[in-house]
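I have placed the structure first, in the form of structure tokens, so that the comments after it can refer back to it.
Because only heavy atoms are used, hydrogens play no part in the values below, and waters and symmetry mates are left out as well, while side chains stay in. Sequence lines set the chain letters: A, B, ... in the order given, protein chains first and strands last, and positions in each chain run from 1.
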Number of protein chains: 2
Amino acid sequence: MSLTAIMYDRVMSRWEPNARGRLMHAALELYVSRGFEQTTVAEIAKLAGLTERTFFRYFADKREVLFWGAGELQELLVSTVAGAPDSDAPITVIGAAIEAAGVVFEERREGAVLRQSVIAANAELQERELIKLAALASAMADALRQRGVKDPGASLSAEAGIAVLKIAFERWINEASPQDLPQLIRELFDELKVVTGAI
Amino acid sequence: MSLTAIMYDRVMSRWEPNARGRLMHAALELYVSRGFEQTTVAEIAKLAGLTERTFFRYFADKREVLFWGAGELQELLVSTVAGAPDSDAPITVIGAAIEAAGVVFEERREGAVLRQSVIAANAELQERELIKLAALASAMADALRQRGVKDPGASLSAEAGIAVLKIAFERWINEASPQDLPQLIRELFDELKVVTGAI
DNA sequence: ACTCTGATGTCAGCGAATGACATCGCTCCC
DNA sequence: GGGAGCGATGTCATTCGCTGACATCAGAGT
């Protein structure tokens with residue numbers, strides 16, 4: 001990343017004060033208050049002070065505006081897998097990565113709950129979430145293969161990790177007294193061992 | 001199911017010779033030849049000798065026409081879980097169910113390959129497939145809870161089983177010399193035990 | 001024949017998404 | 001300091017997925 005690029009960003013954001021962020025904020029607000037289906041893209045754009053056409057320049061579709069953070073999350077998972085000690089077993093590596101993701105969510109519980117309430121109310125959004133999770137699993141499996149883990153094991157470990165994340169996240173969101181998500185993740189990995197026959 | 005209902009079905013199908021089947025066949029043909037996005041619902045309906053409006057009376061959306069079999073599959077999984085011996089461990093029960101699903105696919109490999117080639121080429125279809133798989137996991141988890149399996153274990157076992165199915169199915173589809181799918185599933189369950197720490 | 005019912009067709013319309021082109025704000029360079 | 005250039009945004013038109021309302025039609029039972 002060159003200095004000019006950094007300056008360029010600053011310049012661009014002065015001329016256009018965070019259009020993407022405004023769109024994301026407006027979309028979430030409307031999705032929460034009226035529901036996803038009852039909100040039109042034109043309404044989101046208007047609330048953000050932009051036009052419908054511009055919305056689709058920032059987001060591939062009406063759903064994607066809720067999933068902007070997925071890229072960062074994937075980077076976190078991949079880099080955690082890549083940076084784990086060579087001696088760690090694949091499932092241990094995946095466990096560390098999922099736990100690191102859990103820490104990030106734990107820091108932003110408010111937003112996560114709000115966002116998830118929108119997603120839970122709409123099947124299309126659940127579909128998008130599932131494909132994002134599948135992409136995370138795929139990326140982690142790649143990262144494991146990069147470490148020399150052979151293939152049925154790499155895919156299985158990654159998918160198992162995502163399964164744990166799904167279940168842990170769901171419980172963490174829905175429970176009245178919020179447990180610590182990273183700890184919940186650790187417990188579920190332990191339970192996974194129990195369930196699969198390891199004592 | 002009463003006798004009148006059965007006669008009713010026969011009568012209906014004489015007056016309307018399998019409209020749903022015609023639509024499914026027409027859709028698959030066009031999705032394979034032109035691709036999913038390049039096919040309009042109007043074209044499918046025309047090829048089936050019907051109108052666009054009728055298509056949407058049989059299928060909720062353009063994607064759903066490819067996933068009509070999911071209901072049967074879910075019943076198979078659930079009934080297999082429900083019918084397993086009480087003494088079987090949860091993961092064993094899930095293994096039997098997934099294996100039963102594998103047998104069904106094994107009997108219809110031709111169609112599965114064709115169908116999967118369409119799905120693999122389109123992200124929207126992958127999303128739909130993932131939510132169907134998630135529904136299968138959810139149904140199996142319910143069936144396990146019905147057997148008295150407690151909750152983190154029930155969900156984890158079901159999700160792990162679906163993960164195995166996903167990976168096994170993908171390999172089974174893409175390998176040149178087709179392995180036996182049920183056997184592949186058994187091997188992956190064994191590998192899952194290895195991966196999670198059970199030897 | 002008559003009616004009743006369920007399947008299908010017709011029509012109008014909304015909203016998501018995209019391509020083509022115009023415009024505007026800013027930076028840079030002379 | 002006044003264009004030139006460029007990237008972000010707006011405007012316009014269009015396609016297509018999808019839905020509601022209503023009409024129509026084929027056959028079943030009377």
Reading 5' to 3' through nucleotides 13-19 of chain C, protein heavy-atom contacts under 4.0 Å coded B for base, S for sugar-phosphate only, - for none: ---SBBB
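Considering only residues two or more places apart in sequence or on other chains, A:Gln126 meets the side chain to side chain contact (heavy atoms under 4.5 Å, CB included) condition with A:Ile119, B:Ile131. Qualifying side chain to side chain contact (heavy atoms under 4.5 Å, CB included) partners for A:Ala42, counting only residues two or more places apart in sequence or in other chains: A:Thr40, A:Glu52. For B:Arg34, the side chain to side chain contact (heavy atoms under 4.5 Å, CB included) test picks out B:Leu30, B:Gln38, B:Thr39, B:Glu43, with sequence neighbours left out. Partners of B:Asp88 by salt bridge (charged side-chain N to carboxylate O under 4.0 Å, His left out), not counting sequence neighbours: none found. By the side chain to side chain contact (heavy atoms under 4.5 Å, CB included) test, B:Gln183 is found to be paired with B:Asp180, B:Arg186, B:Glu187, residues two or more places apart in sequence or in another chain being considered.
Applying the ring pair (Phe, Tyr, Trp, His ring centres under 6.0 Å) test to residues at least two apart or on different chains, the pairs with a partner in residues 77-122 of chain A are A:Phe105-A:Phe169. Screening residues 32-54 of chain B for ring pair (Phe, Tyr, Trp, His ring centres under 6.0 Å), with sequence neighbours left out, gives B:Tyr31-B:Phe36.
DNA chain D lies under 4.0 Å from no heavy atom of any residue of residues 117-127 of chain B.
Spacing between atom CD1 of B:Ile44 and atom C1' of D:dG17 amounts to 11 Å, rounded to whole angstrom units. Distance CD (A:Gln38) to C1' (D:dT19): 14 Å, rounded to an integer number of Å. Here the C1' atom of nucleotide C:dT8 and the CZ atom of B:Arg20 are 14 Å apart, to the nearest Å.
In terms of phosphate contacts, B:Thr54 brings no side-chain nitrogen or oxygen within less than 4.0 Å of OP1 or OP2 of C:dT8. For the pair B:Tyr58 and C:dT8, the criterion of a side-chain N or O lying under 4.0 Å from OP1 or OP2 is met.
Partner of B:Asn122 under the side-chain contact (heavy atoms from CB on, under 4.5 Å) criterion, chosen from B:Glu37, B:Arg128, B:Glu127, B:Arg63: B:Glu37.
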